[in-house]
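Predicted model only: the values in this text are computed from it and were never measured.
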Amino acid sequence: MPALLETTTQRLHRIALDKQVKGRVPGLFAGVLRAGGFVWQEGIGSADVTVPQVRPTADDQFLVASNTKTFTAVLVMQLRDEGKLSLDDTLDQHLPEVAHGGVTVRQALAHVTGLQREPVGDVWETLVNPDREQLLAGFNDAERVHRPHQYFHYSNLVFSVLGELVARIDGRSWWESLRARILDPLEMRRTTVGPSGSAVTGYYVPPHTDVPVVEPVLDLKALAPCGGLASTADDMARWSSFVASPVEEVLAADTLAEMCEPQIVIDRERWAGAFGLGFMLIRSGRRTWVGHTGGMPGHITGLFTHRESGTGGLVLMNTTSAPDPAAFAIELADHVVEHDPVLPEPWRPGPPVPEDLAGLTGVWYSEGVPFVFSVKQGRLEARAQALPEHKPSSVFEKVDTDVYRTVAGREHGELLRVTRAADGTVTKMNWATYLVTREPFAFGQWL
């Protein structure tokens, strides 16, 4: 991977340093990732304020907190792909002791169940979390504060129950399932439940003094599936790479893409954010960033990935009150994508055009709109002449003689049927049943 421009690295340093200074963050680690590795990384401040000269490193653990939810969500989708559940199953189909009938797995992944945010009881005051038995009992007593799908309503309670769902279906604890199904295959050796080994100290910096206070490390117990993981920058770089380009051994690429489809808008005022199946989707200018944030006492973190370019932004901060981790991570990575993009691959000739596609190329019309059909690398594509550059072309795959399935772009999933004259000349096509002809026609004029 080519090195970043010096002007780019200087700007990234300034962004990170500005956040650390203005946010009064004792220590942070920030990085920008491509192809699973850092193209820029920096530790600023102190991993432990009693040893101020020791900066956080890429191998120091932070509590990544609610970034854990993305791992739990992938576990759920693995079980779905294995046929062990459906996203439209209700939780009580797999957890019979659970009340609140009608709550589906899909709703739980997207935070649209309408159920309350936290377990019953003031857990953030007592700092005592429920065990698995108490979690499910408390779930039954939880309040439904909204109708399902009425609003995005974040729920640590519901995501913790998804962890119990994984354990029940997979026949082992959530942690054992996570380690075997995700962490080991991706070689994320420094990701654990709670800190283990070299870890930063978490602090709270009071508003009217500059003397950090050490925060406690909590035992989340049954809430671990919603926020219990500690991890390192190096391990989270692997996770960013997975989000950009999934390892089939862990999750099919189509399934990860499905997880990144918006289920509900989370920024109702400006429509700059949505939630998929376990992932936040944040729009910045022309780009959408996929990831999550995390917050625990003494730790604020964020990891967001631009899947199209494979670029990720990571921030790990050892403080309770910190700059917005999503905005921070995205600002770093967005700057790299905008000002230091990956160079395109050189153009290369394609193979000979298949005989059955030769008569389909050129300009065609549908609903009065001109489309250019072309063959690239042996595959049929179509693109409206007025389509904005950032919109993808439609791509087709052959499913039968003169029948093609749209596998990307406009009319994704629909069929393209080709009609030929007796001599083999293409006379018309029907795309999602709409007429496609060489000359523009009004509706009904072709008949």
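- Look at R181 and D170 and you find a salt bridge, because one of the NZ, NE, NH1 or NH2 atoms lies within 4.0 Å of a carboxylate O, short of that distance.
- Counting heavy atoms from C-beta on, the side chains of V74 and M259 come closer than 4.5 Å.
- For the pair P216/L127, a side-chain contact is recorded, criterion being any heavy-atom separation below 4.5 Å from C-beta on.
- Neither side chain, S284 nor W289, offers a donor N or O lying under 3.5 Å from an acceptor on the other.
- Distance CZ/F279 to CG/L303: 9.0 Å, rounded to 0.5 Å.
- T68 places a side-chain N or O within 3.5 Å of a backbone atom of A65 that can act as its donor or acceptor partner.
- Under a 4.0 Å N-O distance rule, the pair D210/R24 does not qualify as a salt bridge.
- The shortest side-chain heavy-atom distance between S66 and F159 does not fall under the 4.5 Å cut-off.
- Side-chain atoms of N140 come within 3.5 Å of backbone N or O of A99 as a donor-acceptor pair.
- Under 4.0 Å is where a charged nitrogen must lie from a carboxylate oxygen, and between E338 and R286 at least one such pair does.
- Around atom CD of E125, no more than 12 heavy atoms belonging to other residues, nucleotides or ligands sit under 6.0 Å away.
- A donor-acceptor contact under 3.5 angstrom links the side chains of Q10 and E6, judged on distance only.
- Between R106 and D89 there is no salt bridge, since no side-chain nitrogen of the basic residue lies less than 4.0 Å from a carboxylate oxygen of the acidic one.
- Residues W40 and H335 form no side-chain contact, since every pair of their non-hydrogen atoms from C-beta on lies 4.5 Å or further apart.
- By the 4.5 Å heavy-atom criterion applied to side chains, T301 and P325 are not counted as neighbours.
- Proximity of a side-chain donor or acceptor of R11 to a complementary backbone N or O of V336 within less than 3.5 Å is not detected.
- Put simply, the side chain of T72 never gets that close to the backbone of G163: no donor and acceptor are under 3.5 Å apart.
- Two residues are said to be in side-chain contact when any heavy atoms from C-beta on lie closer than 4.5 Å; P195 and V217 meet this criterion.
- T90 and D92 share a donor-acceptor pair across their side chains, judged by distance under 3.5 Å alone.
- In this structure, Q61 contributes its side chain and S196 its backbone to a donor-acceptor pair below 3.5 Å.
- If you take CD on E42 and CD1 on I15, they are separated by 11.5 Å, rounding to the nearest 0.5 Å.
- Looking at M77 and L87, their side chains come closer than 4.5 Å, going by heavy atoms from C-beta outward.
- Judged purely by distance below 3.5 Å, without hydrogens or angles, the side chains of W239 and T191 never pair a donor atom with an acceptor atom.
- Of the possible donor and acceptor atoms, none in the side chain of R405 sits under 3.5 Å from a partner among the backbone N and O of F396.
- Heavy-atom minimum distance, L136 versus E164: CD1-CG, 4.0 Å.
- Atom CD1 of I169 and atom CG of L85 lie 4.5 Å apart (nearest 0.5 Å).
- At most 12 heavy atoms of other shown residues, nucleotides or ligands fall within 6.0 angstrom of atom CG in D254.
- Not one N or O on the side chain of D48 forms a donor-acceptor pair closer than 3.5 Å with the backbone of T201.
- Ring pair F373/W431 is perpendicular by interplanar angle, where above 60° counts as perpendicular and below 30° as parallel.
- A donor-acceptor distance shorter than 3.5 angstrom exists from the side chain of N318 to the backbone of S46, with no hydrogens or angles considered.
- Here the shortest heavy-atom pairing between A237 and G36 reads CB-O, 3.9 Å.
- Side-chain polar atoms of T320 and E215 form a donor-acceptor pair below 3.5 angstrom.
- In this structure, T305 contributes its side chain and R307 its backbone to no donor-acceptor pair below 3.5 Å.
- Listed for the T406 side chain is a donor-acceptor partner under 3.5 Å among the backbone atoms of E414.
- Checking T57 against D60 by side-chain atom types alone, a donor-acceptor pair falls below 3.5 Å.
- Between E258 and L277 the shortest heavy-atom distance is O-CD1, 4.0 Å.
- Atom CD of E133 has 12 or fewer heavy atoms from other residues, nucleotides or ligands within 6.0 Å.
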